[in-house]
2 protein chains.
Amino acid sequence: MHDSQQPQDLDAANEMVAAVVTASRVLVAVSARSLAAIEEALTVPQFRMLVVLDTGGPVNLSGLAEQLAVNPSTALRMVDRLSAAGMVERTQDPGDRRLVVLAATAAGRQVVRQVTERRQAEITRIVSAMAVDHRGAMIEALEAFARAAGEEQINPAAYTGQALPGWS
Amino acid sequence: MHDSQQPQDLDAANEMVAAVVTASRVLVAVSARSLAAIEEALTVPQFRMLVVLDTGGPVNLSGLAEQLAVNPSTALRMVDRLSAAGMVERTQDPGDRRLVVLAATAAGRQVVRQVTERRQAEITRIVSAMAVDHRGAMIEALEAFARAAGEEQINPAAYTGQALPGWS
DNA sequence: CTGCAAATATTGCATACTGCAAAGGAAAAG
DNA sequence: CTTTTCCTTTGCAGTATGCAATATTTGCAG
């Protein structure tokens, strides 16, 4: 009895889902390309860490792990590698000898800037290929979409575009 | 001399980039949630493999690795684990004894269906919270965006939403 | 038919991300 | 001063990833 009820609504919903999913593919591909294009051969988690350190300023290990929504041990080992690569600087907090102060080096900030610029350029290039009257509508629509989703919680760890396997 | 040239165009471009990036965050979070919500505790790469096997039908290992854009050895070990979990079935090709025929089991297809339905439901729920007159505009805008991007190549491996570190 | 080249799957080795649990040191609370 | 709490670090295990080498099988040339 409930079959074929309000078929036009269902069709519209399916069309929306399809459009959103397709756009999602494009966006993920753009992010991946922007990161792969640079010389330094960073992984996605490493780039996420650099973004957090670059935008958020110096933090200790626990705070960094929390912002990335990973285990402190994971963050520690990532810091080890990025530190060896010259992207992250570790110093001791003079006031509290338990704390390790972490910050992005100039090289690390440079990488974040390069990837961000490349990603923005690529998105701009795609948008430039769209019909002009579609652009304003897209901004409004995307902002409305993000607002609608934002009233539920959004995981901050997804900030730089990584999918999280063990997320609840 | 080129500073501050066409400031309104630059502002519009920045606004578009910001809207796109924010929407991207939301979409990635939705994908991650949909996968984390099921019982079976699959990783993102494992789910990608199941999607390929479910939609594409039986393939051999090389073909599967190519569709996922990973090394055959990587695909092999993932098949090992998914096979142990009862999600993937391996059989020998009777015509060519080199080939291994891989297919999703009923349990594997069930998982793909569950995650897909959950993701679609979540997107539908978000869209339902949008103003009605924004929805049609969003469909058109997103399709136009995907079209504009589609004239360049899109990596098929990004299908299920994974960011690829080593992609060129 | 035989031998060689190509295709296919598999294994070995290395690196990275991830979490849980335990250990060790330092600061705060009592 | 003792206990508790906080923070970092290490040990252990599982998964993903790629490169290189190996084994097996097929196809082709001679």
Side-chain angles (χ1 to χ4, degrees), chain A residues 32 35-36 40-50 52 58-85 87-88 90-102 155 157-158 160-168, chain B residues 32 35-36 40-50 52 58-85 87-88 90-102 155 157-158 160-168:
Chain A
L35 184 53
E40 276 77 8
L42 286 181
T43 67
V44 173
Q46 285 171 349
F47 178 67
R48 289 179 59 219
M49 179 171 279
L50 283 184
V52 168
V59 285
N60 61 340
L61 185 68
S62 296
L64 180 58
E66 189 177 359
Q67 288 186 61
L68 293 172
V70 298
N71 196 283
S73 64
T74 299
L76 175 75
R77 286 159 175 121
M78 286 175 60
V79 166
D80 287 343
R81 298 184 191 105
L82 285 175
S83 177
M87 304 277 185
V88 166
R90 348 159 54 130
T91 45
Q92 279 283 335
D93 187 312
D96 188 335
R97 271 185 296 178
R98 292 174 300 182
L99 302 183
V100 175
V101 179
L102 302 166
N155 176 15
T160 55
Q162 194 205 26
L164 302 175
W167 195 72
S168 59
Chain B
L35 184 54
E40 277 78 7
L42 286 181
T43 66
V44 173
Q46 285 171 349
F47 178 68
R48 288 178 60 219
M49 179 171 280
L50 283 184
V52 168
V59 285
N60 61 343
L61 186 68
S62 296
L64 180 59
E66 189 177 0
Q67 288 186 63
L68 293 172
V70 298
N71 197 284
S73 65
T74 298
L76 175 75
R77 285 159 176 122
M78 287 174 59
V79 166
D80 287 343
R81 299 183 190 107
L82 285 176
S83 176
M87 303 279 183
V88 166
R90 347 160 55 130
T91 45
Q92 279 283 334
D93 187 311
D96 189 336
R97 272 186 295 180
R98 292 174 300 182
L99 300 184
V100 175
V101 179
L102 302 166
N155 178 15
T160 55
Q162 193 205 27
L164 302 176
W167 196 73
S168 58

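Keep in mind the model is a prediction, meaning the values are calculated, not measured. Sequence lines set the chain letters: A, B, ... in the order given, protein chains first and strands last, and positions in each chain run from 1.
Interatomic distance, CZ of Phe47(A) versus CG of Leu42(A), reported as 8.0 Å (0.5 Å rounding). Here the CD atom belonging to Gln67(B) is positioned 10.5 Å from the CZ atom belonging to Arg48(B), to the nearest 0.5 angstrom. In this structure, CG on Leu64(A) lies 11.0 Å from OG1 on Thr74(A), to the nearest 0.5 angstrom. Distance check, rounded to the nearest 0.5 Å: CD of Gln92(A) to CZ of Arg97(A) gives 9.0 Å. Note: Glu40(B) CD to Leu82(B) CG = 11.5 Å, rounded to the nearest 0.5 Å.
Across all strands, Ser62(B) comes closer than 4.0 Å only to sugar-phosphate atoms, never to a base (heavy-atom distances).
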Any protein N or O atoms within reach of nucleotides 25-28 of chain C? Criterion: under 3.5 Å, listing atom names and distances.
from    : atom 1 : to       : atom 2 : distance (Å)
dA27(C) : OP1    : Arg97(A) : N      : 3.2

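Listed by chain and number, the residues in a salt bridge (charged side-chain N to carboxylate O under 4.0 Å, His left out) with Arg81(B) amount to none (sequence neighbours excluded). Qualifying salt bridge (charged side-chain N to carboxylate O under 4.0 Å, His left out) partners for Arg90(A), counting only residues two or more places apart in sequence or in other chains: Asp80(A). Remark: Ser62(A) engages no residue in a side chain to side chain donor-acceptor pair (under 3.5 Å) (not counting sequence neighbours). Considering only residues two or more places apart in sequence or on other chains, Leu99(A) meets the side-chain contact (heavy atoms from CB on, under 4.5 Å) condition with Asn60(A), Asp93(A), Asp96(A).
Computed from coordinates, the Arg48(A) CZ to dC17(C) P distance equals 11 Å when rounded to whole Å. One can place CG of Asn60(B) at 13 Å from P of dA7(C), the figure rounded to the nearest angstrom. Leu102(A) places its CG atom 13 Å from the P atom of dC7(D), with the value rounded to the nearest Å. In this structure, Leu68(A) atom CG and dT18(C) atom P are separated by 8 Å, rounded to whole Å. Rounded to whole Å, atom P of dA9(C) lies 5 Å from atom CG of Leu99(B). If you measure from atom CG of Asp93(B) to atom C1' of dT26(D), you get 12 Å, rounded to the nearest angstrom.
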Original post:
Taking protein heavy atoms under 4.0 Å as touching, what does nucleotides 10-16 of chain C look like 5' to 3' if B marks base contact, S marks sugar-phosphate-only contact and - marks none?
Top reply: SBBB--S
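OP1 or OP2 of dG19(C) has at least one side-chain nitrogen or oxygen of Thr74(A) nearer than 4.0 Å.
In a base pair of the Watson-Crick type (N1 to N3 plus N6-O4 or O6-N4) or a G-U wobble (N1-O2 and O6-N3), with each distance short of 3.5 Å, dG30(D) is matched with dC1(C).
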